[in-house]
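Reading through the structure tokens given below for one structure.
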Amino acid sequence: MIRTIIGGLVGGIVIFVIGMIFWATPLANIAVSGTDAQSAANVQAVLAEALTVHGTGVYMVPSPDTSAGTTLYGKGPVALVQFNTSGFPANGSDTMVPGILLALATGMLIAAALRGTAGALTDFRSRLQAVLCFSAAAVLWLHIGQPIFNHAPWGYYLYLAFSDFLSLAAAGTVIARWFVEGRPQP
């Protein structure tokens with residue numbers, strides 16, 4: 001059990017570090033589109049005027065809930081806006097503690113899953129195969145589904161999927177290699 005806990009913590013650190021590399025460095029600019037300062041200010045002003053009264057949330061613009069909205073949606077442009085009524089630091093450290101806690105919890109779940117399958121997956125190769133398959137399945141459904149079902153931008157979600165696959169697969173590989181002992185089948 002202690003190996004599982006240590007493995008989960010190490011796996012969580014791996015997830016956090018890889019996430020930092022992809023999202024807290026200039027690499028993150030690969031995933032997002034940019035605009036000039038005036039255009040950004042114009043969009044921010046329109047968002048503040050149109051959405052602040054409704055509050056923080058995710059908005060489909062235009063909303064296809066009415067026949068007029070459906071027509072507008074079909075004509076484009078459309079947006080799925082993640083809107084926050086209050087500002088926060090662009091690169092703030094306020095996400096560090098919750099982020100590391102989330103990464104550690106994720107590492108612990110990976111370690112617990114691998115420990116639970118140790119009787120069936122008795123060697124590193126079989127554990128690695130399971131880690132890679134589950135990591136790929138998770139990012140395919142959760143991230144690649146967005147551009148398929150919601151017409152979200154492919155570039156952003158491919159980058160997100162790649163970074164998350166690498167994080168999960170690396171953490172699972174470390175845990176499977178050094179922190180799970182295969183048990184022979186009875």
Side-chain angles (χ1 to χ4, degrees), residues 1-32 56-58 60 80-84 88-186:
M1 181 62 143
I2 194 73
R3 287 174 65 103
T4 302
I5 292 170
I6 294 170
L9 295 174
V10 170
I13 292 168
V14 168
I15 291 170
F16 188 77
V17 168
I18 291 174
M20 291 286 290
I21 291 168
F22 276 90
W23 294 101
T25 69
L27 276 177
N29 293 331
I30 294 170
V32 295
T56 297
V58 177
M60 189 176 289
L80 189 62
V81 179
Q82 297 180 41
F83 181 73
N84 191 317
F88 50 88
N91 296 314
S93 60
D94 61 329
T95 61
M96 296 293 277
V97 171
I100 191 70
L101 292 175
L102 178 61
L104 293 172
T106 303
M108 294 299 289
L109 288 171
I110 293 169
L114 287 171
R115 184 174 192 268
T117 61
L121 304 175
T122 58
D123 63 327
F124 172 67
R125 182 180 173 159
S126 62
R127 291 189 298 266
L128 179 62
Q129 181 180 2
V131 162
L132 296 176
C133 287
F134 281 112
S135 298
V139 301
L140 282 173
W141 183 250
L142 296 173
H143 299 325
I144 302 304
Q146 294 304 311
I148 291 171
F149 300 123
N150 296 318
H151 304 282
W154 276 97
Y156 177 84
Y157 284 97
L158 286 172
Y159 184 86
L160 178 62
F162 179 71
S163 70
D164 282 350
F165 172 78
L166 198 60
S167 295
L168 295 171
T173 300
V174 167
I175 294 166
R177 174 66 182 94
W178 287 291
F179 296 101
V180 177
E181 293 183 36
R183 294 181 221 132
Q185 295 269 11

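Along the sequence shown, residues carry numbers from 1.
Not one N or O on the side chain of Thr122 forms a donor-acceptor pair closer than 3.5 Å with the backbone of Gly119. A donor-acceptor distance shorter than 3.5 angstrom exists from the side chain of Arg127 to the backbone of Ala176, with no hydrogens or angles considered.
Residue pairs that meet the ring pair (Phe, Tyr, Trp, His ring centres under 6.0 Å) test with at least one member in residues 101-141, sequence neighbours left out, are Trp141-Phe149. Within the structure, ring pair (Phe, Tyr, Trp, His ring centres under 6.0 Å) pairs that include any residue of residues 158-179 comprise Phe22-Tyr159, Phe22-Phe162, Trp23-Tyr159 (at least two apart or interchain).
If you take CD1 on Ile5 and CZ on Arg3, they are separated by 12.5 Å, rounding to the nearest 0.5 Å. The CE atom of Met20 sits 13.0 Å away from the CD1 atom of Ile13 when rounded to the nearest 0.5 Å. Note that CG of Leu101 and OG1 of Thr106 are 10.5 Å apart. Values are rounded to the nearest 0.5 Å.
You'll find the side chain of Trp154 reaches within 4.5 Å of the side chain of Ile148, heavy atoms only.
Shown here for Gly11 and Ala171, the closest heavy-atom pair between the two residues is O-CB, 3.3 Å. Closest approach of Ser167 and Gly19 over heavy atoms only: OG-N, 3.9 Å. Heavy-atom minimum distance, Val139 versus Asp164: CG1-CB, 3.7 Å. Taking both residues in full, the closest heavy atoms of Ile175 and Gly7 are given as CG1-O, 3.2 Å, listed atom of the first, atom of the second, then distance. When all heavy atoms of Ala169 and Ser135 are compared, the pair lying nearest together is N-OG, 3.5 Å.
By the salt bridge (charged side-chain N to carboxylate O under 4.0 Å, His left out) test, Arg177 is found to be paired with no residue, residues two or more places apart in sequence or in another chain being considered.
Shown are Val180, Leu109, Thr4; of these, the side-chain contact (heavy atoms from CB on, under 4.5 Å) with Leu114 is made only by Val180.
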Chi angles and distances behind the side-chain contact (heavy atoms from CB on, under 4.5 Å) call for Ile110, Ile15: CA-CA 11 Å; Ile110 293 169; Ile15 291 170; 4.2 Å; yes
side-chain contact (heavy atoms from CB on, under 4.5 Å) between Thr173 and Leu128: does it pass, once the steps are laid out? CA-CA 6 Å; Thr173 300; Leu128 179 62; 3.3 Å; yes
After noting the C-alpha distance and the side-chain angles of Leu9 and Leu104, does the key distance pass the side-chain contact (heavy atoms from CB on, under 4.5 Å) rule? CA-CA 5 Å; Leu9 295 174; Leu104 293 172; 4.0 Å; yes
